[in-house]
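Not measured: the values here are computed from a predicted model. So you know, we letter chains A, B, ... as the sequences are listed, proteins then strands, and number each from 1. All values below were derived from every heavy atom in this structure, side-chain atoms included, with hydrogens, water molecules and symmetry-related copies excluded.
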Number of protein chains: 2
Amino acid sequence: IFSTKGLTKVYGEGRSAVHALRGVDLDISEGEIVVLLGPSGSGKSTLLNIIGGLDRATEGDAFFQDQNLCEMTDKQLTRYRRDYVGFVFQFYNLMPSLTAHENVELVTEIARDPMDPDEALAMVGLRERVDHFPAQLSGGEQQRVAIARAVAKNPTVLFCDEPTGALDSMTGRAVLNVLKDVNEKLGATVLIVTHAASQAAMADRVIHFADGNVREVVVNKNK
Amino acid sequence: IFSTKGLTKVYGEGRSAVHALRGVDLDISEGEIVVLLGPSGSGKSTLLNIIGGLDRATEGDAFFQDQNLCEMTDKQLTRYRRDYVGFVFQFYNLMPSLTAHENVELVTEIARDPMDPDEALAMVGLRERVDHFPAQLSGGEQQRVAIARAVAKNPTVLFCDEPTGALDSMTGRAVLNVLKDVNEKLGATVLIVTHAASQAAMADRVIHFADGNVREVVVNKNK
Ligand SMILES: Nc1ncnc2c1ncn2[C@@H]1O[C@H](COP(=O)(O)OP(=O)(O)OP(=O)(O)O)[C@@H](O)[C@H]1O
Ligand SMILES: Nc1ncnc2c1ncn2[C@@H]1O[C@H](COP(=O)(O)OP(=O)(O)OP(=O)(O)O)[C@@H](O)[C@H]1O
Ligand SMILES: [Mg+2]
Ligand SMILES: [Mg+2]
């Protein structure tokens, strides 16, 4: 469902240039769960933002089905994101002036086949917090609202940037089970970016990432 | 150096009231490293914000040395924070319009015995990123700027709210070593709030926290 060829991202110029992505080639099959594992600063969020249609590469191609995201206009990228992509951001990006319920509803209102917002919030253990504003939620609760919002959209592809960073192991496992359900029952292709190696267990394949490129790809035989 | 008695924090009223802290009694000795461990939503950030002088309790007392924070005016709390406290926030709270170097310098300029900002940034592996703005930094890099900023102040007490949440295990270990150094070489009392049980190894004592109160306190004999 995804195929990138020589995907490159450079910030700045000359001596202070930062090569965030160095010619990345990778493929993701429809319905797969892929975990992208790598250290801080290795380029994981940059890669996700480009194939999620939120940012543009400096060079290279990124195909979603048979369309090249790198050749799309801003309008086309917006439509791609709206119609196909659920995104859990590393920094949540919740609307501070809306409650948890309203934050999820903002996305389900314009989705083609959404879940009920409160049902998605219940799946991540937030039934008691649906009317709280982000400022009235703990770090881990805010992260879970961001997950509920992406999952409730019932997207074709679900991109998750560090989805359990702020969660204790029990809550983190519950959230990973929600992501697994969305994959198994709704057929979403799931790409999880993380630095936590323990999450590799749920993946069909694990892509090891460092310094802006793929180091190795491991097929998970234990799954 | 800290002693809380019946510390309570309630948000809201009546049926929708949230009891974030339920009469917390705890003591912290000078020069200790204490890890506060608990699940998402258990009240860890709330507790830290109150003894860090950033928020007020609904009931109870919190003594820093012999002064009761719960009886201080806003001005006195501001002076307490400025003179004694280094704080690593769960959401970093960096100034978006300042570079990493300037963010750290903002704090060292008004501190009594600070480190050099770039030295603190080098300690957390960010020598190459001192002139980047927060938006030009990865999640883990932003978290490390927040840590450098708190540590550079050379504070009497260092409060860290989930200091390694966005960091891979290698970078996370490096950061915990920086916190250990600040404790051993500079004598800072360090309170680390986290949901990651692996961090308990570096503590003198581990306070297990759940549902707004202390469950048990474990002295670390292996240290
Ligand atoms: N706008 C920018 N200008 C310059 N450098 C940037 C910019 N954005 C990101 N970078 C750099 O690109 C590199 C990759 O960033 P990215 O956010 O993709 O890393 P990451 O793997 O997600 O890290 P983390 O695990 O810490 O979130 C980092 O070293 C960062 O400093
Ligand atoms: N302003 C507020 N109004 C109402 N409830 C609040 C408010 N701030 C926090 N809470 C609630 O208080 C509880 C404790 O929050 P706190 O942020 O201290 O948890 P935490 O242990 O830090 O969690 P995490 O590990 O997820 O960061 C949470 O259930 C949260 O929903
Ligand atoms: Mg990132
Ligand atoms: Mg918290």
Side-chain angles (χ1 to χ4, degrees), chain A residues 11-12 15-18 20 37-49 89-92 94 96 124-126 128-144 161-162 164-175 193-198 208-210 212, chain B residues 11-12 15-18 20 37-49 89-92 94 96 124-126 128-144 161-162 164-175 193-198 208-210 212:
Chain A
Y11 293 108
R15 262 192 50 231
S16 66
V18 175
L37 205 50
S40 174
S42 56
K44 306 181 296 295
S45 296
T46 302
L47 175 64
L48 214 65
N49 289 340
F89 295 90
Q90 189 168 8
F91 293 108
Y92 322 155
L94 302 178
V124 295
L126 291 178
E128 311 292 313
R129 293 284 182 270
V130 297
D131 296 325
H132 281 225
F133 292 91
Q136 299 171 326
L137 294 171
S138 76
E141 291 167 345
Q142 291 181 35
Q143 187 164 44
R144 284 183 272 160
D161 198 343
E162 313 270 3
T164 61
L167 305 175
D168 57 272
S169 46
M170 202 173 83
T171 317
R173 263 198 306 276
V175 154
V193 148
T194 183
H195 55 259
S198 54
H208 293 270
F209 208 79
Chain B
Y11 293 107
R15 263 191 50 231
S16 66
V18 174
L37 205 50
S40 174
S42 56
K44 307 181 295 296
S45 297
T46 302
L47 176 64
L48 214 65
N49 289 341
F89 295 89
Q90 188 168 10
F91 293 108
Y92 321 155
L94 302 179
V124 294
L126 291 179
E128 311 292 312
R129 294 282 182 270
V130 297
D131 295 324
H132 280 224
F133 292 91
Q136 299 169 327
L137 294 172
S138 76
E141 289 166 345
Q142 291 181 36
Q143 187 165 44
R144 284 183 271 161
D161 198 341
E162 313 269 4
T164 61
L167 305 177
D168 58 274
S169 46
M170 201 172 83
T171 317
R173 264 198 305 277
V175 154
V193 148
T194 182
H195 54 260
S198 54
H208 293 269
F209 208 79

Taking C-beta and beyond as the side chain, do A:Q136 and B:V18 meet within less than 4.5 Å on heavy atoms?
no
Hey, which of A:T194, A:L167, A:T46 has the most heavy atom pairs under 4.5 Å with chain B?
A:L167
One should read off an interatomic distance between B:S42 OG and A:D168 CG, to the nearest 0.5 angstrom, of 7.5 Å
Side chain from CB out, backbone as N, CA, C, O: work out which of these in A:Q142 comes under 4.5 Å of a heavy atom of chain B, or both, or neither.
side chain
For A:S138, which residues count as a side-chain contact (heavy atoms from CB on, under 4.5 Å) partner, sequence neighbours excluded?
A:E141, B:S40
Any pair counted as salt bridge (charged side-chain N to carboxylate O under 4.0 Å, His left out), so long as it reaches residues 40-49 of chain B, sequence neighbours left out
none
Non-hydrogen atoms of chain A under 4.5 Å away: do they reach the side chain of B:S45, the backbone, both or neither?
neither
Minimal heavy-atom distance between B:Q90 and A:A166, with the atoms involved, is NE2-CB, 4.3 Å
